[in-house]
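Keep in mind that what you see is a predicted model, and the values were worked out from it rather than measured. Chain identifiers are assigned alphabetically (A, B, ...) following the order of the sequence lines, protein sequences preceding nucleic acid strands; residue numbering begins at 1 within each chain.
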There are 2 protein chains.
Amino acid sequence: MRSQRPYHHGDLRRALITAALEVIAAEGPNAVSLRELARRVGVSHAAPAHHFGDRAGLLTAVAVDGYRLLVDELDRATDLRDLGGRYVSFALTHPAHFQVMFRPELLDRDTPALVAARAETRERLERGIAARQPDDPRLGGLAAWSLAHGLATLLLTGNLPTLEGGDPAELFRTVCTHPLFHPEPER
Amino acid sequence: MRSQRPYHHGDLRRALITAALEVIAAEGPNAVSLRELARRVGVSHAAPAHHFGDRAGLLTAVAVDGYRLLVDELDRATDLRDLGGRYVSFALTHPAHFQVMFRPELLDRDTPALVAARAETRERLERGIAARQPDDPRLGGLAAWSLAHGLATLLLTGNLPTLEGGDPAELFRTVCTHPLFHPEPER
DNA sequence: AGCGCATCTTGTCGTTGACAAGATCTGGTG
DNA sequence: CACCAGATCTTGTCAACGACAAGATGCGCT
């Protein structure tokens with residue numbers, strides 16, 4: 001048991017990311033303040049700068065964390081629709097991560113770790129698509145990703161009040177097979 | 001010609017919104033500062049507060065402005081796919097508006113003008129859907145809106161580097177009819 | 001002529017991000 | 001064991017910001 005407050009925190013980096021996720025979940029990424037995170041964790045106001053450089057550096061670390069979790073989730077998918085369902089489900093179960101991941105102006109977009117994590121995610125998505133659309137994986141990936149991402153975003157931003165509550169992954173599967181997208185809808 | 005700087009600006013409200021749109025387009029909504037907008041327009045640092053209350057009030061006004069433009073655009077649509085195409089196209093031609101419109105934590109979500117503008121937009125989308133899916137307009141609307149919104153968002157956030165450059169409305173139409181969404185994809 | 005109110009200004013406070021310089025601890029080398 | 005190098009954290013400071021308060025200005029209406 002540490003007497004009071006040891007000079008070295010132990011795992012300050014991880015603690016700050018966790019605190020940031022709490023703030024983001026409660027009040028959004030804009031409410032994240034390095035000084036308040038430092039206060040929560042019990043260190044001085046300038047301690048975070050050592051680990052992350054600046055605010056963008058911290059949020060970039062959060063985004064990388066999120067991409068890793070998403071990759072783990074996508075790796076469990078059994079087929080393409082399950083892939084989309086897991087994508088939407090991830091967004092709703094990890095809203096704090098998801099929000100930061102797709103807000104480029106908050107991030108250091110060229111950080112190697114972020115570039116790598118994003119590439120890994122895209123690889124998972126394209127692999128899932130290619131298994132079913134070997135001739136045109138790029139366009140198919142765009143279509144599936146757009147639908148999943150749009151559904152997730154609209155749910156997260158509270159633009160679909162009447163439809164909340166159900167299982168998001170199942171909702172995606174339903175939407176995915178909707179006849180609206182058929183080439184000959186009138187039969 | 002006004003001598004130097006008349007005490008009353010004339011149309012400060014509009015001027016501030018315009019300045020805000022410039023800043024958002026250049027550096028994103030987080031870079032918007034009431035004081036810098038005041039500086040650009042040539043008024044004192046507290047002048048904006050009179051028109052918008054606070055920062056959220058100003059961004060809410062921007063969002064309302066955007067919803068009105070979007071409604072005007074959607075009203076020109078000839079059919080459902082054109083509707084989606086115009087939606088995606090609007091997002092890419094008015095990125096500043098679009099970003100603010102779907103970032104609820106930046107806005108005063110209960111402002112009557114915003115609620116009304118959002119309802120009007122939703123009405124346009126659902127009307128377009130209902131014309132083709134009279135039995136289940138809600139789910140069809142969700143599907144089409146998700147696809148359009150997801151495509152727009154991914155394009156805006158720079159997650160689709162290899163596909164940029166083409167006409168976004170046409171891209172939507174292509175994606176919309178992709179066989180990926182067919183109930184029996186293997187035929 | 002003059003009153004009321006919207007509009008705009010000046011002044012101020014607490015908070016923040018960023019930077020600089022110094023204190024403290026840890027791990028490894030001699 | 002002595003000790004050093006670097007990683008980790010602290011204290012101090014600055015400019016910018018949002019918000020608020022109080023006062024100045026000018027427009028429109030009576």
Side-chain angles (χ1 to χ4, degrees), chain A residues 1-20 22-24 26-63 100 103 105-109 111 113, chain B residues 1-20 22-24 26-63 100 103 105-109 111 113:
Chain A
M1 167 164 84
R2 294 173 170 124
S3 60
Q4 264 294 72
R5 194 182 289 180
Y7 199 92
H8 285 66
H9 178 280
D11 195 0
L12 180 55
R13 186 186 163 86
R14 193 70 230 170
L16 287 171
I17 291 179
T18 301
E22 291 172 10
V23 173
I24 295 167
E27 307 173 62
N30 299 314
V32 170
S33 134
L34 293 180
R35 290 174 105 106
E36 195 201 325
L37 296 186
R39 237 174 278 132
R40 286 189 181 224
V41 173
V43 294
S44 78
H45 68 257
H50 180 70
H51 291 276
F52 301 106
D54 55 4
R55 213 181 91 107
L58 185 148
L59 293 176
T60 300
V62 171
V100 175
R103 198 145 325 161
E105 79 278 7
L106 296 179
L107 311 176
D108 289 326
R109 303 192 62 183
T111 301
Chain B
M1 170 164 83
R2 296 174 168 124
S3 60
Q4 265 293 71
R5 195 181 290 181
Y7 199 92
H8 285 67
H9 178 279
D11 196 1
L12 180 55
R13 186 186 164 85
R14 194 69 231 169
L16 286 171
I17 291 179
T18 302
E22 291 171 8
V23 173
I24 296 167
E27 307 173 64
N30 300 314
V32 171
S33 133
L34 293 180
R35 289 173 106 105
E36 194 201 325
L37 296 186
R39 236 175 280 133
R40 286 189 179 222
V41 172
V43 294
S44 77
H45 67 258
H50 180 71
H51 291 277
F52 302 105
D54 56 6
R55 214 181 90 107
L58 185 149
L59 293 175
T60 300
V62 171
V100 175
R103 199 145 324 161
E105 78 278 8
L106 296 179
L107 310 176
D108 290 326
R109 303 192 60 182
T111 300

For [X] versus [Y], what's the shortest heavy-atom pair and its separation?
X      : Y       : value
A61(A) : I17(A)  : CB-CD1, 3.9 Å
P29(B) : L106(B) : CB-CD1, 3.7 Å
R40(A) : A19(A)  : CD-CB, 4.4 Å

Rounded to the nearest 0.5 Å, what separates atom [atom1] in [X] from atom [atom2] in [Y]?
X       : Y       : atom1 : atom2 : value
T18(B)  : R13(B)  : OG1   : CZ    : 11.5 Å
T111(B) : D108(B) : OG1   : CG    : 4.5 Å
R14(A)  : L16(A)  : CZ    : CG    : 10.5 Å

Separation of atom [atom1] in [X] from atom [atom2] in [N], rounded to whole Å:
X      : N       : atom1 : atom2 : result
N30(A) : dT16(C) : CG    : C1'   : 14 Å
E36(A) : dT16(C) : CD    : C1'   : 11 Å
D11(B) : dA6(C)  : CG    : P     : 17 Å
L34(A) : dC9(D)  : CG    : P     : 15 Å
R40(B) : dC17(D) : CZ    : P     : 12 Å
F52(A) : dG17(C) : CZ    : P     : 14 Å
L16(A) : dC9(D)  : CG    : C1'   : 12 Å
D54(A) : dA20(C) : CG    : P     : 14 Å

Practice task
With a 4.0 Å heavy-atom cut-off, tell me which residues in residues 55-62 of chain A come close to DNA chain C, sorted by residue number.
Solution key: R55(A)
Donor-acceptor contacts under 3.5 Å from residues 41-59 of chain A side chains, at least two apart:
unit_1 : atom_1 : unit_2 : atom_2 : d
D54(A) : OD1    : G57(A) : N      : 3.0
R55(A) : NH1    : V32(A) : O      : 2.5

Problem - Phosphate-side-chain proximity, H50(B) and dT7(C), N/O vs OP1/OP2 below 4.0 Å - result: yes
Practice task
Give a yes or no on whether the backbone of R35(B) and the side-chain of S33(B) come within a donor-acceptor separation of less than 3.5 Å.
Solution key: yes
Practice task
Would you confirm whether T60(A), through its side chain, and L107(A), through its main-chain N or O, come within 3.5 Å as a donor-acceptor pair?
Solution key: no
Check: protein-nucleotides 10-15 of chain C nitrogen or oxygen pairs below 3.5 Å:
unit_1  : atom_1 : unit_2 : atom_2 : d
dG11(C) : O6     : H45(B) : NE2    : 2.7

Handout entry: 5' precedence on DNA chain D between P48(A) and G53(B) (nearest-nucleotide basis)
Key = P48(A)
